[in-house]
Novice: 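First, the structure itself, so that you have it in front of you.
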2 protein chains.
Amino acid sequence: MGVSKSESFSVAHNEMANLFKALSHPARVAIVEYLLSVDTCICGDIVEVLPLAQPTVSQHLKELKNANIIKGSIDGTAICYCINPDTIEIIEKYFGSINQQLKNKCC
Amino acid sequence: MGVSKSESFSVAHNEMANLFKALSHPARVAIVEYLLSVDTCICGDIVEVLPLAQPTVSQHLKELKNANIIKGSIDGTAICYCINPDTIEIIEKYFGSINQQLKNKCC
DNA sequence: TTATTATATTGCAATATTACGATAAATAAA
DNA sequence: TTTATTTATCGTAATATTGCAATATAATAA
């Protein structure tokens, strides 16, 4: 019991759920919005912006990377993070499609 | 410690994270897509569609309701669930705005 | 080489989530 | 009233997530 039965669901449902899970923590939402707010992708100061310790921030960045929501490229000793526009577009289109389908409904 | 430091983040970041958390499980994604697939909102057969026991489905429905992603209205002994278009639109616009901001960027 | 700097990993404690059997609650039908 | 039917809640076990100190890794600078 208690085990997440993700294998019982379709790959598509799991993929969407994983995208949302990556954004299901305020720290990760804050990271995405911070990456949006800075001019360039070059930014190694995310730890300074968040009220969390460096290992915790590193962990959150890893989850966003694993979900393909952000990309990181090595720049000497620092790492440059930026948002992956492809993934954002996938999510936007997903909700756009839901909205479209809702327009042909009674609710 | 392990306690989620959600109070350390803005209300806006928490609100968006809570929306995504509601959709961060394949069962809840499946519920949303099932509600989209049926003609009317009148549906008391969600349990039949999912590979989960009735109390588990009830719990997932509760989380979607709490996040305002679905609405439920009592119809005799059954409950009619349907998607809340307002919340879907909030999410779509959120990603639309991110996409817009990304267009003016180097990445 | 030895610092220094930036990020990642490990290990662990605290908490949250997931799942379901048992049971309760509420309404409808007999 | 009694009996179905439908959904919700309780209690609990299994697992996942969150957070951070300590430490490791990797690249640069001195």
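Nothing here was measured: the structure is a model prediction, and the numbers come from that model. In what follows, every heavy atom counts, from backbone to side chain, and hydrogens, waters and symmetry copies are set aside. Below, chains carry the letters A, B, ... as their sequence lines are ordered, and counting in each starts from 1.
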Novice: Once ring-ring contact (aromatic ring centres under 6.0 Å, His included) is applied, do any residues pair with B:F9, and if so which ones, sequence neighbours excluded?
Specialist: none
Novice: For the pair made of CD in A:E7 and P in D:dA16, what is the distance, rounded to whole Å?
Specialist: 10 Å
Novice: Ignoring backbone atoms, test whether A:K21 places a side-chain nitrogen or oxygen under 4.0 Å from the OP1 or OP2 oxygen of D:dT17.
Specialist: yes
Novice: What integer distance in Å separates B:Q54:CD from D:dT9:P?
Specialist: 11 Å
Novice: Give one of base, sugar-phosphate or nothing for A:L61, where a contact means two heavy atoms less than 4.0 Å apart.
Specialist: nothing
Novice: Does the side chain of B:S37 pick up a donor-acceptor pair with the side chain of B:E33 at under 3.5 Å?
Specialist: no
Novice: Rounded to whole Å, please give me the gap between CD in B:Q59 and P in C:dC20.
Specialist: 10 Å
Novice: Give every donor-acceptor pair under 3.5 Å between a side-chain atom in residues 51-64 of chain B and any protein atom, sequence neighbours left out.
Specialist:
unit_1: B:H60; atom_1: ND1; unit_2: B:R28; atom_2: NH1; d: 2.9
unit_1: B:E63; atom_1: OE1; unit_2: B:R28; atom_2: NH1; d: 3.2

Novice: To the nearest angstrom, how far is B:K5 atom NZ from C:dA13 atom P?
Specialist: 19 Å
Novice: Are A:D45 and A:Y34 linked by a side-chain donor-acceptor pair shorter than 3.5 Å?
Specialist: yes
Novice: Which residue, B:P55 or B:H60, contacts DNA chain C at a nucleotide closer to its 5' end, judged by nearest heavy atom?
Specialist: B:H60
Novice: Nearest whole angstrom, please: distance from the P of C:dT7 to the CG of A:L50.
Specialist: 13 Å
